[in-house]
Every structure is written in structure tokens, then in C-alpha cells.
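A short worksheet on the structure shown next.
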Amino acid sequence: MLWNPRLLFLAQFAICACLLSYGYYLQYVEFLDPCPLCMVQRVCFFLVGAVSLVAAVHGPAIVMRRVYASLAGLAALVGALVAGRQIWLQHTPGAEMLECGAGLGTMLETMPIFDVMSKILKGTGDCATVQWTFMGLSIPEWAIVCFIAMLLVNIVLIARRD
């Protein structure tokens, strides 16, 4: 019962929904503005959650289950890499000296998409700032823990033969 693919996809969706809800709480109630790397991580959580919801509703056989798990796992891997980049920025001396850039919306409106992605992945001074911690871990550190857990769940969903 614990390894029921439908329940795993549903749990993954619920976790993503909770994480995104808490992110919006921090943004709109606690007034912590997300940096561009945080926004990319939100998109990755959304993608993992959306694919997982579709998979849970569909209840696919093994081939489509692997497709859904591969898509969700890919989004989790990208999210983990982006979170890892932000963690690196937060723990690198002098990273605070990076110039603070324009918001993600402004960049998308004024720059070509490849320039936006390049600028986002380089990070800004905003990305190096630790605004919130829980149990000694910052937001991207918690995000990478969640992304890695989701990646492992999706690997299990791909590897299972039933």
C-alpha cells in the first residue's frame, strides 16, 4: 500500500502544493521577496506537482507511470541543481557583492529568454542573501532536500516492475 504509485504521485503533488503555498505565505504575508533563483525553484515545484497530479488522476500502467515519473524526476533534478547553485551563492564569501538585478518579470519583458536564463543562473545579490531559516537551514537548503527526496521517489517509480 505504501508503494502504491498512485498514492506516491498524490503525496508528491500534496507536498509540492504545501511548499508552494508556504512560499506564497512567506512572500505575501511575511513580505520576503523571492529572488530569480527562488522563482525558478517554484516553477520546478509546480512542474513536479502538476505532473504528479496528472499521474495520480490517470493511474497509469507501467509504461506511462515511467513517463510521468521521468518528467517529474527531471523537474526535480533541475530544481535541485538550481537550489544547489543558490546554496553555493549563499555560502561563498563575497557573493553578497554581486549586483542586485531586476525582477524576473522585468527581465522577461526586456531581455531575450536565453539572456534571462543566463542572468538567472549567474545569480544576483538577492540570491546570496539568507532571509529565513528553519532548524538552521535556509529556503534553498530545504528546497534541495525536498527536490532530492522527490527525485528518489521518482527513481523508485521508474525502477519498479509492477
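Just so you know, residue 1 is the first one in the sequence shown, and it goes up from there.
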Would you mind listing the cluster partners of Ile62? Hydrophobic ones only (ILVMFWY), side-chain contacts under 4.5 Å, chaining allowed.
Val63

Membership question, hydrophobic clusters at under 4.5 Å side-chain separation (ILVMFWY): are Val153 and Val67 in the same one?
yes

Carefully, step by step, assess Cys16 and Met150 under the rule side-chain contact (heavy atoms from CB on, under 4.5 Å).
CA-CA 10 Å; Cys16 287; Met150 290 175 192; 3.5 Å; yes

ring-ring contact (aromatic ring centres under 6.0 Å, His included) partners of residues 53-84, not counting sequence neighbours, each pair once:
His58-Tyr68

Kindly give the heavy-atom pair with the smallest separation between Arg42 and Gly23, and that separation in Å.
NH2-O, 3.0 Å

Compare every heavy atom of Gln12 with every heavy atom of Ser52, then report the nearest pair and how far apart it is.
OG-NE2, 2.8 Å

Calculate, to the nearest 0.5 Å, the distance between atoms CG and CD1 belonging to Leu20 and Ile15 respectively.
12.0 Å

Quick one: list whatever passes side-chain contact (heavy atoms from CB on, under 4.5 Å) with Arg160, sequence neighbours left out.
Trp3, Arg65, Val156, Asp162

State, yes or no, whether a side-chain contact exists between Leu19 and Cys146 at a heavy-atom distance under 4.5 Å.
yes

Residue pair Leu37 / Pro140, side-chain heavy-atom distance below 4.5 Å
no

Do Asn4 and Leu8 make a side-chain contact, defined as non-hydrogen atoms from C-beta onward lying under 4.5 Å apart?
no

With a 3.5 Å cut-off and sequence neighbours excluded, list the donor-acceptor pairs that the side chains of residues 43-51 form with protein atoms.
none

Just verifying a value: how many Å separate Asn154 CG and Leu71 CG, rounded to the nearest 0.5 Å?
9.5 Å

Evaluate side-chain hydrogen bond (donor to acceptor under 3.5 Å, both in side chains) for Glu141 paired with Gln86, printing each intermediate quantity in order.
CA-CA 9 Å; Glu141 290 168 334; Gln86 187 172 2; over 6 Å; no

Indicate if Leu89 and Val82 have the same hydrophobic cluster label, given that clusters are the connected sets of ILVMFWY residues with side-chain heavy-atom separations under 4.5 angstrom.
yes

Could you give all pairs that pass the ring-ring contact (aromatic ring centres under 6.0 Å, His included) test and reach residues 23-44, with sequence neighbours left out?
Tyr22-Tyr25

Quick one: side chains of residues 72-80, donor-acceptor pairs under 3.5 Å with protein atoms, not counting sequence neighbours, listed by atom name and distance.
none

Return the minimal non-hydrogen interatomic distance between Ala69 and Leu157, and the atom names on each side.
CB-CB, 3.8 Å

Answer with yes or no whether the hydrophobic clustering places Met135 together with Ile144; edges join I, L, V, M, F, W, Y residues whose side-chain heavy atoms lie under 4.5 Å apart.
no

